[in-house]
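To start, the structure itself, in structure tokens.
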Amino acid sequence: MVWFQKKFFIYAAIIAALLIVSARGADFSFTALIDQSNTWEFIRDNFYPLRTDLLPYLLEQSLITLAVAFFGTFTALLLALPISLLAAENTASGRFSFYIVRSVLSLIRSIPEIVFGLIFVVSLGLGPFAALMAIFLHNVSVLGKLIAELVESSDKGPQEAMSSAGAGRRTGQIFSILPQIWPNVLSHYFYRLEVAIRTSLVLGMIGGGGLGQSLMNYYNSLAYDSMATAIVVIMGLVIIVDLFGGIVRKRVI
Amino acid sequence: MLEMKEVVVQYESGADPAVRDLTLSFEQGEFVCVLGRSGAGKSTFIRTINGLQPQTSGQITVLGCELKKMSQKKQRSMRREIGMIFQHFHLIPRLTVEQNVFTGRFGHKPAWKNFLGLFSDEEKSLTDYYLNEVGLLEYKNRRVERLSGGQKQRVGIARAMVQRPSILLGDEPVASLDPTTADYIFQILRQLHEEKELLTVINVHDIELARKYATRIIGLKQGHLVFDGSPGQLSDHHLKQIYE
């Protein structure tokens with residue numbers, strides 16, 4: 001029992017109790033979990049054959065989805081980089097502005113993208129631009145916080161060397177910190193891009209255009225075979241982006 | 001060139017001062033080694049000279065200007081005059097040897113020129129000159145994380161020297177290196193010191209290195225000055241005082 005202290009059993013009991021309560025709340029049922037025959041039946045009867053004739057159209061739509069995700073996250077990254085310096089304890093301009101920036105970031109982060117999406121669909125009109133704005137806003141706050149944490153955990157040595165050479169404060173910070181954290185920044189970025197692709201699908205379902213909107217249209221018109229084709233295209237898209245991210249990360253590190 | 005008058009450094013109010021009542025004066029051409037046990041205040045002492053560690057009280061005059069009265073801008077231009085090397089080198093990872101040395105010029109020009117990487121031909125030949133001096137010219141395009149410890153410290157020296165400093169500080173620059181490499185680093189430092197007529201102030205653990213290369217040795221104990229003299233004057237009695 002070297003590894004197990006008494007408190008671990010107490011924690012385990014608390015977690016078990018929470019699991020039981022949550023299972024009740026979520027209508028969890030073992031029998032329904034195991035008996036998925038309805039799901040399989042639905043897929044078997046409706047998904048085949050795939051509508052390959054829709055592929056050109058769906059690929060075009062997937063480019064919209066990709067464009068929304070890429071533009072939204074990359075511009076978010078560009079804005080998040082300077083913000084992260086203001087939101088990191090070791091590089092902030094002052095205590096007060098540090099707390100302000102941090103609070104604004106968490107406030108924005110606490111609002112789900114779909115809520116932003118619903119607002120922008122009304123204010124900007126239906127289409128990809130509303131989805132783009134929602135993804136941009138959310139990712140500025142997420143990347144701002146993640147990069148700020150990287151800045152905080154970076155080695156402060158090079159920064160000290162910079163200031164002892166008489167470099168300006170910000171110049172010194174940027175040159176000494178950015179090269180250190182760059183691989184991790186990219187890693188976070190590609191993960192956020194991957195998430196944004198899935199988000200832009202969901203946003204498409206509320207009128208944000210792209211593959212998500214096509215998928216939702218097929219679903220609403222009971223065209224399940226077309227929907228299945230869209231799902232396959234989505235899977236391909238996510239896998240390709242993931243592979244691409246892996247290659248870039250390897251090259252950078 | 002460098003004057004310290006009753007300098008006290010306290011990390012927290014109420015805590016024991018790391019440096020107590022140091023009154024010292026240094027001239028151009030001196031190669032000073034600072035001896036003392038871990039925690040004796042050596043590092044604090046060195047870092048107070050260029051203001052990396054603010055002094056609590058007392059007066060430090062660097063190149064004719066008082067440190068405490070300096071504006072931020074003035075402090076930056078003072079730091080340009082002081083090169084510094086560190087125990088853990090403090091190089092910027094993922095950049096090349098040459099790029100790291102260029103950062104030593106950052107205090108000399110406006111930020112936008114640094115960001116665009118605009119360095120004059122003079123600065124480029126200065127960089128090449130010092131990379132050659134430390135024997136790393138052929139490695140100039142190599143990333144610094146691929147270098148050995150001794151090589152990294154030589155990059156650190158080149159970076160400090162391209163500032164064209166009149167004072168060179170070293171905060172335990174050889175503490176992470178093996179004895180042979182440490183001796184080699186001191187050879188380079190001593191040679192540059194003489195060529196450029198610097199004031200060099202270095203913390204060191206190794207008494208033999210201090211004896212071999214220093215023109216003046218300072219002993220600190222619990223923040224107090226317990227020895228100040230030439231290597232010849234440093235007797236076993238003094239060493240006992242410093243290290244006991």
Side-chain angles (χ1 to χ4, degrees), chain A residues 77-86 88-95 97 147 149-190 245 247-253, chain B residues 43 46-47 49-53 72-96 99-117 143-145 152 155-156 159-165 167-171:
Chain A
L77 176 68
L78 291 181
L79 187 62
L81 280 169
I83 287 178
S84 67
L85 284 183
L86 303 176
E89 242 175 327
N90 52 338
T91 54
S93 306
R95 278 273 108 190
S97 73
I147 298 171
E149 273 164 12
L150 293 176
V151 170
E152 279 171 359
S153 63
S154 67
D155 177 14
K156 68 175 172 39
Q159 221 179 311
E160 196 164 66
M162 287 286 176
S163 58
S164 76
R169 203 170 79 95
R170 289 289 177 214
T171 316
Q173 284 168 354
I174 291 166
F175 271 90
S176 57
I177 293 173
L178 202 57
Q180 284 187 54
I181 64 172
W182 190 239
N184 288 327
V185 170
L186 279 188
S187 189
H188 282 317
Y189 172 71
F190 276 109
I247 292 167
V248 173
R249 254 171 303 194
K250 235 182 220 154
R251 285 194 62 115
V252 168
I253 298 161
Chain B
S43 198
I46 292 274
R47 295 159 56 87
I49 295 174
N50 64 355
L52 279 184
Q53 174 62 47
Q72 269 207 327
K73 203 175 163 195
K74 183 80 185 96
Q75 194 180 41
R76 276 183 55 195
S77 69
M78 176 273 293
R79 282 180 176 170
R80 288 204 298 253
E81 296 290 321
I82 305 180
M84 188 163 185
I85 53 176
F86 304 86
Q87 177 179 356
H88 299 296
F89 325 121
H90 290 358
L91 302 179
I92 302 172
R94 307 172 51 74
L95 297 189
T96 65
Q99 287 170 332
N100 262 283
V101 176
F102 274 138
T103 63
R105 297 295 302 170
F106 271 18
H108 292 73
K109 50 181 4 138
W112 67 272
K113 279 195 173 175
N114 291 327
F115 277 101
L116 294 178
R143 273 204 199 176
V144 288
E145 58 265 38
K152 281 181 184 164
V155 177
R159 176 176 65 183
M161 289 307 295
V162 296
Q163 288 175 234
R164 292 189 196 274
I167 300 175
L168 183 66
L169 304 177
D171 188 7

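Order of the sequence lines sets the chain letters (A, B, ...), proteins ahead of strands, with each chain counted from 1.
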With a 4.0 Å cut-off, would you call B:Arg76 and B:Glu81 a salt bridge? no

Tell me, side chain or backbone of B:Phe89 under 4.5 Å from chain A's heavy atoms, or both, or neither? neither

Side chain / backbone / both / neither for B:Leu52 at chain A, heavy atoms under 4.5 Å: side chain

With chain B, which of A:Met162, A:Arg169, A:Gln159, A:Lys156 has the greatest number of heavy-atom pairs at distances under 4.5 Å? A:Met162

Smallest separation among heavy atoms of B:Val144 and B:Ile92, with atom names: CG2-O, 3.3 Å

Portion of A:Ile177 that has a non-hydrogen atom of chain B nearer than 4.5 angstrom: neither

Quick one: pull up CG in A:Leu178 and CZ in B:Arg94 and give me the separation to the nearest 0.5 Å. 9.5 Å

Give, for atom CD of A:Glu160 and atom CG of A:Asp155, the distance between the pair rounded to the nearest 0.5 Å. 9.5 Å

For B:Arg47, is it the side chain, the backbone, both or neither that has a heavy atom under 4.5 Å from a heavy atom of chain A? side chain

May I ask you to decide if A:Ser164's main-chain N or O and B:Arg79's side chain share a donor-acceptor pair within less than 3.5 Å? no

Okay, B:Asn50 and chain A: the region with an atom under 4.5 Å from a heavy atom over there is side chain

